[in-house]
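First up is the structure itself, then whatever we jot down about it.
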Amino acid sequence: MCSMMRLGVFLCVVSCLPALAIAQETAIPRILSLADALRLAAERNSSFAAAKNAIEAAEADRAVAARRPNPAVSVDSEGYRPGADSSGRGFLDKQELTVRFDQELELGGRRRLRIQAADAGIEVARLQARDRLRQLEFGVRRAYFEAVLARANREVANAALAEIDRVIGLNRARFEQGEISGADLRRLQVERLRFVDDTFQSELESRNAMGALLAYLNAPSLNIPIEVTEPLTRPAVEGAVLASVSAPAGALPASLFAEALAARPDVLAARQTVQRADIETRLQRALRAPSPTVGGGYRRDFGTGGLVVGMTVPLPLFNSLNAGGLARAEAERRRAQNDAVAVETAIRLDVQLATNAVEVNRARVAYIEREYLKAAQESRDIVLASYRIGEMNLIDFLDSQRAFRDTLRTYNRALFDARLSEFALDAAIGGSTPKSQ
């Protein structure tokens, strides 16, 4: 009976596993907006979770830094002689017995400096987590719009293939009626392979882009079918920061530099690291003075008792004035200062490159829209209409179809590059990450 019950429980658990797996996958919405993707990445991404774990570790270090040294207790016995003793004294009166408590004294504000260094370490960890989130958000935006671009290119490829198939159907009917030769029909069928191959390539790009996006979301499976909802085109109003990038080519608003240096969490973390290194240097200076240990207790000396007090002071013979620790702390402080300068320089370059990209890519999109997009579509439509009534040959039709497809793909890429450059500029000046985590 018990065996049957255990078997029933086992079968019940096994039957529930697929449902549990499906429930876990449904944590990722099938229709995914960019806002949902950013929210899920912040909640589920392992890299960002590791950065938050670093904050917890820094807080634990702070708790340790606030602790005072533990006292020590010692019990010593001297002069006890085992064996017969005719004096009649008790066990404690047959020896010199000392019980003593000792406490190390931290001088020079060492505990205070340790706490300050630990607090600085917590702030560094928090800023590094913010910077990890800034990078994560940019990565999610890029992966999301790579999926949007792949979807748009797949639509272009499918539309071009559908148009070819319609023309093949038209030509097959014309061939059966004897209006055209079989050569044109076979040529068109052969050319169809190029458009079919384009659809396969677009499908691969779409699947890979979706997988990359799901990886950012730490999805249980990287082939969950999802649908992205954002368009490639940029909304009319996208924020005051991006709208302010209207300076002439080669010029850059100084306010963007100032905003980046004031808001980017990586430069704030670098500056906080300098402060922490300065505190560590002061702590190493405080460690140059020996820490005395004071103590007191009770001594029972063969039947008579008395109090014991004392002090122990380390002699700085082999580590004179903590020279090594101080030299290392000074070197770490100089390294932190140089790292902070390097980060500021890198941020200036990030902002400059991102601004250049925004200006050029916006101009690129406007140029394609103005000069080529409408013209390519009109040319394709004219050639297609002429071909259907027999006024254009097959070569002209195929050339116009390829030109229109290539123009749309180039336009889609330009829209993607424009959106990505705007995201890069937003990330370069600090992004939309919250100011505290």
Is [X] reaching over with its side chain to a backbone N or O of [Y], donor-acceptor style, under 3.5 angstrom?
| X | Y | value |
| --- | --- | --- |
| Asp278 | Val274 | no |
| Arg110 | Ala286 | yes |
| Asn356 | Gln352 | yes |
| Asn322 | Gln284 | yes |
| Asn218 | Arg44 | yes |
| Ser206 | Ser202 | no |
| Arg141 | Leu420 | no |
| Arg142 | Gly139 | no |
| Arg264 | Ala428 | yes |
| Arg132 | Phe48 | no |

So, for [X] and [Y], which heavy atoms are closest and what is the spacing to 0.1 Å?
| X | Y | result |
| --- | --- | --- |
| Lys52 | Ala42 | NZ-O, 4.0 Å |
| Ser74 | Asp102 | OG-OD2, 4.2 Å |
| Val313 | Pro290 | CG1-CB, 4.3 Å |

To the nearest 0.5 angstrom, please state how far the [atom1] atom of [X] sits from the [atom2] atom of [Y].
| X | Y | atom1 | atom2 | answer |
| --- | --- | --- | --- | --- |
| Leu415 | Thr410 | CG | OG1 | 11.0 Å |
| Ile164 | Phe195 | CD1 | CZ | 4.0 Å |
| Ile429 | Leu261 | CD1 | CG | 11.5 Å |
| Arg207 | Leu222 | CZ | CG | 13.5 Å |
| Leu373 | Glu378 | CG | CD | 10.0 Å |
| Leu349 | Thr345 | CG | OG1 | 9.0 Å |

Mark yes when over 12 heavy atoms from residues, nucleotides or ligands other than [X] sit less than 6.0 Å from its [atom1]; otherwise mark no.
| X | atom1 | result |
| --- | --- | --- |
| Arg282 | CZ | yes |
| Phe101 | CZ | no |
| Arg370 | CZ | yes |

Check whether the side chains of Arg380 and Ser400 place a donor and an acceptor atom closer than 3.5 Å, and report yes or no.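 No - no donor-acceptor pair under 3.5 Å links their side chains.
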For Asp417 and Asn361, does a side-chain donor sit closer than 3.5 Å to a side-chain acceptor?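 Judged by distance alone, the side chains do not pair up.
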Less than 4.0 Å between a side-chain N and a carboxylate O, is that true for [Y] and [X]?
| X | Y | value |
| --- | --- | --- |
| Glu227 | Arg151 | no |
| Arg299 | Glu96 | yes |
| Asp36 | Arg39 | yes |
| Arg328 | Glu332 | yes |
| Glu344 | Arg348 | no |

Pair Arg114, Glu106 - check salt bridge (charged side-chain N to carboxylate O under 4.0 Å, His left out), show working. CA-CA 11 Å; Arg114 283 202 312 271; Glu106 293 188 294; 2.5 Å; yes
Please determine whether side chain to side chain contact (heavy atoms under 4.5 Å, CB included) holds for the pair Asn412 and Glu155, giving the CA-CA distance in whole Å, both sets of side-chain angles, and the decisive distance to 0.1 Å. CA-CA 11 Å; Asn412 288 341; Glu155 292 172 354; over 6 Å; no
Test salt bridge (charged side-chain N to carboxylate O under 4.0 Å, His left out) applied to Asp131 and Arg134, step by step: CA-CA 5 Å; Asp131 191 58; Arg134 177 186 68 88; 2.8 Å; yes
